[in-house]
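Beneath this line is the structure, given in structure tokens, with notes to follow.
In this text, all values refer to a predicted model and were calculated from it rather than measured experimentally. Just so you know, these numbers use all the heavy atoms, side chains as well, and skip hydrogens, waters and symmetry mates.
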Amino acid sequence: MTDTTARRTVVSVAMSAALACATACTGSGGSDDSGGTTGPSGPTGSTAPSASAAPSSRPPALTGASADALRAVERATGRAGSARVESTTVMGRELSLEAVGALGWDDDGLTGTLTITYTGGTTAETMRRLGTTAMEARYLPDAYYARMGDEFAERVGGRHWIKYVYEDLEDLGGGAGAGFADQMRNTTPNQAVKLLLSAGDVRRVGAETTRGRRTTHWSGTVGGATEQTVDIWVDDRNLLVKKVERGRTKTGELTQTAYYSDYGVPVSAARPPAADTADFKELLASQGS
């Protein structure tokens, strides 16, 4: 493995684990000046508007019965605290992946474990050449850990886990990590509902059956220069059952889909053994970044 390949792999893993988490909950990046996006998934990530966008650029706050219904969903999903998640992400020609696991959220941040499977794209090809087609990602309030395969471990001193401290990811080149720490701490499923509350054209599509559950479908468009559509399906307990976000990135169409079940499920994520863990920042430094 060359230094360039190693560095690209470490960054790609960071992007994949963050993107899987963002899909399972919601993307929260903002558009940059070049038409890409910033946030958890880097310059080619989600196209959702930033929570810190200038007030003058936001549409008027949603009011009336629709706003009341969506706020009830926001509260109920936020209070639930955890759920099982199944998600898929397709990001143009660069990456497609699936993720399955359980995530919990509270005031301290996100906790949980996802199994991420690479299903296509140039990033998947890079990972496949390193003997990795799937990995486990463990999310804790201050960092997440990604488990690599044996072939990669042989090239980094036998260590299988890469530790990504959120604060360290803020320093990714080109501003790709700007706001990363806050976004990962605030990433929860009800963020998709908050996005809809900021949409100027939110509408109740109607009643539908989603994975055998009776749901209400809501849809809206968010964003400024780079628009994104957000759709959610909600059950009779005001809990999110499904969400789909669609937008564009520098590498093509971005589609993020997630399904939620078993709200309140116990969730835990243990830190891997230190002796089997390499730090993301140290790996980059050792590769001459």
Flag, side chain of Ser198 to backbone of Leu195, donor-acceptor distance under 3.5 Å: yes

Is any side-chain heavy atom of Arg271 closer than 4.5 Å to one of Asp142? yes

Rounded to the nearest 0.5 Å, how far apart are CZ of Arg147 and OG1 of Thr115? 11.5 Å

Just jot down the salt bridge (Lys or Arg N to Asp or Glu O under 4.0 Å) partners of Asp201, sequence neighbours excluded, or say none. none

Treat each ILVMFWY residue as a node, draw an edge where side-chain heavy atoms are under 4.5 Å apart, and state whether Trp161 and Tyr166 are in one component. no

Kindly write out the residues that satisfy side chain to side chain contact (heavy atoms under 4.5 Å, CB included) with Thr257, not counting sequence neighbours, or none if the list is empty. Thr88, Lys242, Val244, Thr255, Tyr259

Work out which heavy atom in Leu114 is nearest to a heavy atom in Ala99; give both atom names and the distance. CD1-CB, 4.3 Å

Within-4.5 Å side-chain heavy-atom neighbours: Leu197 and Arg71: yes

Can you get from Val202 to Val241 by hopping between Ile, Leu, Val, Met, Phe, Trp and Tyr side chains that sit under 4.5 Å apart? no

In terms of heavy-atom contacts, Thr277 and Pro272 come closest through OG1-CB, 3.7 Å

One pair to check against side chain to side chain contact (heavy atoms under 4.5 Å, CB included): Trp218 and Trp233. What are the steps and the verdict? CA-CA 6 Å; Trp218 295 85; Trp233 287 257; over 6 Å; no

Hey, does the side chain of Asp106 reach the backbone of Gly109 with a donor-acceptor pair shorter than 3.5 angstrom? yes

Spell out, as yes or no, whether a donor-acceptor pair under 3.5 Å connects the side chain of Asp276 to the backbone of His160. yes

Those residues at least two apart in sequence (or on a different chain) that pass side chain to side chain donor-acceptor pair (under 3.5 Å) with Arg159 are none

When rounded to the nearest 0.5 angstrom, what is the spacing between OH in Tyr118 and CD1 in Ile116? 6.0 Å

Is there side-chain contact between Phe152 and Ile162, with at least one heavy-atom pair below 4.5 Å? yes

Restricting to non-hydrogen atoms, name the atom on Leu70 and the atom on Val193 that form the minimum distance, rounded to 0.1 Å. O-CG1, 3.1 Å

With sequence neighbours excluded, what pairs up with Ala72 under the side chain to side chain contact (heavy atoms under 4.5 Å, CB included) test? Arg75, Asn238

Report, as yes or no, whether the 6.0 Å neighbourhood of atom CZ on Arg84 holds more than 12 heavy atoms from other residues, nucleotides or ligands. no

Are side-chain heavy atoms of Arg213 and Arg237 found at a separation under 4.5 Å? yes

Between CG of Asp235 and OG1 of Thr77, what distance do you get to the nearest 0.5 Å? 8.0 Å

Is the Tyr263 ring parallel, tilted or perpendicular to the Trp105 ring (thresholds 30°, 60°)? perpendicular

Test log, rule salt bridge (charged side-chain N to carboxylate O under 4.0 Å, His left out), inputs Arg246 and Glu253: CA-CA 7 Å; Arg246 296 183 179 91; Glu253 294 287 341; over 6 Å; no

Is Ser82 close to Leu103 at the side-chain level, that is, under 4.5 Å between some pair of heavy atoms? no

Of all heavy-atom pairs between Ala269 and Arg138, which one has the smallest distance, and what is that distance? CB-CB, 4.3 Å

Answer with yes or no whether the hydrophobic clustering places Val265 together with Leu240; edges join I, L, V, M, F, W, Y residues whose side-chain heavy atoms lie under 4.5 Å apart. no

What I'd like to find out is whether the side chain of Thr133 reaches to under 4.5 Å of the side chain of Thr117, using heavy atoms alone. no

What residues, two or more places apart in sequence or in another chain, satisfy side chain to side chain contact (heavy atoms under 4.5 Å, CB included) together with Val90? Ser96

Is the shortest side-chain heavy-atom distance between Leu95 and Thr119 below 4.5 Å? no

Tightest non-hydrogen contact, residues Val230 and Leu196, listed as O-CD2, 3.5 Å

pair Tyr145-Tyr139: side-chain heavy atoms closer than 4.5 Å: no

Output all residues satisfying salt bridge (Lys or Arg N to Asp or Glu O under 4.0 Å) with Glu125, sequence neighbours left out; order by chain, then residue number. Arg128

Does the salt bridge (charged side-chain N to carboxylate O under 4.0 Å, His left out) test come out yes or no for Lys243 and Glu245, once each step is laid out? CA-CA 7 Å; Lys243 70 104 179 179; Glu245 297 180 41; 2.7 Å; yes

Say you draw a straight line from OG1 of Thr123 to CZ of Arg93; how long is it, rounded to the nearest 0.5 Å? 11.0 Å

Any ion pair linking Glu86 and Arg211 (charged N to carboxylate O, less than 4.0 Å)? yes

If Ile, Leu, Val, Met, Phe, Trp and Tyr residues are connected whenever their side-chain heavy atoms lie under 4.5 Å apart, and connections chain through other members, are Leu110 and Val267 in the same group? no

Are Asp231 and Ser219 linked by a side-chain donor-acceptor pair shorter than 3.5 Å? yes

Apply the test side chain to side chain contact (heavy atoms under 4.5 Å, CB included) to residues Thr215 and Ile232: give CA-CA distance (whole Å), side-chain angles for both, the deciding distance (0.1 Å), then the verdict. CA-CA 9 Å; Thr215 60; Ile232 64 170; over 6 Å; no

If you take all heavy atoms of Leu239 and Ala76, which pair is closest and at what distance? CD2-O, 3.6 Å

Any Lys/Arg nitrogen of Lys281 or Asp279 sitting under 4.0 Å from an Asp/Glu carboxylate oxygen of the other? no

